[in-house]
Asks: 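The structure that follows is given in the form of structure tokens.
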Amino acid sequence: MNLMYVSTRNNQEKLTASQAILKGLADDGGLFVPESLPALDVSLEELKGMTYQETAYAVMKQFFTDFTEEELKDCINRAYDDKFDTPEIVPMTEARGAYYLELFHGATIAFKDMALSILPHLLTTSARKNRVKNEIVILTATSGDTGKAALAGFADVKGTKIIVFYPKNGVSPIQEKQMVTQKGDNTLVVGIHGNFDQAQTGVKQIFGDKALARELDAAGFQFSSANSINIGRLVPQVAYYVYAYAKLYANGVIAKDEPINVTVPTGNFGNILAAFYAKNMGLPIAKLICASNENKVLYDFFSTGVYDRNREFVLTSSPSMDILISSNLERLIYHIAGDDPQKNAGLMESLARTGRYEITEEMRAELKDFYGNYTGEAETADVIKAMYEDTGYILDTHTAVAAGVYEKYKKDTGDRETKTVIAGTASPFKFSRSVMTAIDGKYDAMGDFELVDELSRIGNVKVPRAIEEIRSAAVLHDTVCEVADMPDVVRKFLGVR
Ligand SMILES: *Cc1c(COP(=O)(O)O)cnc(C)c1O
């Protein structure tokens, strides 16, 4: 019997995993969740000897039950290969009493690679399984990071094309260089005259354009999204928590079934929700420690039971966590409401109408394994500096936010004994200016690539391929357009009309 997926806002329609992956978002605006969370069916002794790919299979087969073994293993092997700069895929480093799980060894040196390197294969396999004949066209608006990770994931994947729109003057020079040098005949990168919100709105309009959809269908294309709410992005992320636990056990750091804590720098709530799923599968996780930056909507939610996005948006040095609506939180709300879609839909309706909602005491009780806190901007810089001076290990700004919150957790709770895994979500090379000036203000005078070399020298780490490549890479994309012309740019690229 297949594990079926339902929307978090109504449980009438049931989809298979491959149908949910193809669809992305439910028609009622809800997110797809499995009808029940599956359990791991392999022992710790078995997990202990598994490679990353084998662990990923052991986890994903429990969720994606309508994929054959061959299909799933094929997706996994195509995703987690030498695009990663280490055969371990996610190595772990101990520093100052915590275990940093480095999720940034993929093509774009940030944790989005963990999901976006496999999503294209899950999507094309899902299309095949459901007899979709059309080619899948991924459309994305990006403020920098997701666009490049999606491009790297979809480049040269048969049966797909990817078009990324970014604000021409709204991303960092390194981010722009990363995107406009993207190889692959099926990729298109377009700068727009406008800001990120306009790019996003433009993409949403194209998705909603029924006439364009018909034109495309006639030409053999259909749109899809690589958005972080796709269940095909969430499930692959469960695997690395299972892998980390098994490695700690294999290395004698923990005893059999000894509980660990997990600390996650959080934005859209996808990464920490994957840890919550891992715990529900039976992985011995004690506390789920949710780390925010100064956009501390989640900290306030965990401390008061009120989610309130009506506040000022703060630009921080950890931009991938600058978020006021954490989309994936909806899946947690649904679960703590006892898998009740009506209750969840009511709260989401309140969020859309007033920007806020409050959960019941009963629901709050279900959050007892979560701990939330935040790290301010100055504190984040202090964490990077102290870690470097103490150990030589260089944290990126997002991971430093998590390290700061873990320190607060230990002080608040007195729990200094439980072994703790901290999700390292980006390479320091990705945010070299913020990282280096945290260590010493004098570095601010250096140019971008000078900083990269200096970081490599003082941290004694090789410059990652992702950075090395863009130093000399040729610009392959120079399309720039007005917001109003976005649909025509899409038509032209696809050769429609
Ligand atoms: C996306 C991202 C995050 C936030 O992850 P969520 O799953 O959205 O909570 C944290 N750090 C980095 C570097 C990211 O790119």
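Counting convention: from 1, in listed order, for ligands and their atoms alike. Owing to the predicted nature of the structure, the values given are computational and were not obtained by experimental measurement.
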Asks: With only distance considered, is T266 within less than 3.5 Å of ligand 1 through an N or O on each side?
Replies: no
Asks: Cation over ring, K462 on F429, under 6.0 Å and within 45°?
Replies: no
Asks: Mind checking whether F111 contacts ligand 1 via backbone (N, CA, C, O), side chain (CB onward), both or neither, at a 4.0 Å heavy-atom cut-off?
Replies: side chain
Asks: Under 4.0 Å from a heavy atom of G270: give me the atoms of ligand 1 that qualify, with their elements.
Replies: 6 (P), 7 (O), 9 (O)
Asks: Determine, considering heavy atoms only, which of N293, I272, N268 sits nearest to atom 8 (O) of ligand 1.
Replies: N268
Asks: Are K287 and Y371 in a cation-pi contact, defined as NZ or CZ under 6.0 Å from the six-membered ring centre and within 45° of the axis?
Replies: no
Asks: Only heavy atoms of P265, strictly under 4.0 Å: list the atoms of ligand 1 that pass.
Replies: 4 (C), 10 (C)
Asks: For residues S318 and T316, is any side-chain donor paired with an opposing acceptor at under 3.5 Å?
Replies: yes
Asks: Looking only at distance, does G267 have an N or O less than 3.5 Å from an N or O of ligand 1?
Replies: yes
Asks: Among F269, Y357, Y299, F302, which one satisfies ring-ring contact (aromatic ring centres under 6.0 Å, His included) with Y307?
Replies: Y357
Asks: Which of the numbered atoms in ligand 1 are under 4.0 angstrom from any heavy atom belonging to K112?
Replies: 1 (C), 2 (C), 3 (C), 14 (C), 15 (O)
Asks: Quick one, Y241 with Y277, criterion ring-ring contact (aromatic ring centres under 6.0 Å, His included). Give me CA distance, side-chain angles, the key distance, then yes/no.
Replies: CA-CA 10 Å; Y241 291 108; Y277 276 19; over 10 Å; no
Asks: Just jot down the ligand 1 atoms closer than 4.0 angstrom to any heavy atom of A426, in number order.
Replies: 13 (C)
Asks: Check this for me: does any side-chain nitrogen of one of K177 and D448 sit under 4.0 Å from a carboxylate oxygen of the other?
Replies: no
Asks: Just which atoms of ligand 1 are under 4.0 Å from any heavy atom in N271?
Replies: 7 (O)
Asks: Scan F84, Y240, Y80 and name whichever one has a ring-ring contact (aromatic ring centres under 6.0 Å, His included) with Y52.
Replies: Y80
Asks: Counting each atom of ligand 1 from 1 as listed, which ones have a heavy atom of F269 under 4.0 Å away?
Replies: 6 (P), 8 (O), 9 (O)
Asks: List the closest protein heavy-atom neighbour of atom 11 (N) of ligand 1: residue, atom name, distance to the nearest 0.1 Å.
Replies: T425 OG1, 2.9 Å
Asks: Side chains of L298 and I272, heavy atoms from C-beta outward: is any pair under 4.5 Å?
Replies: no
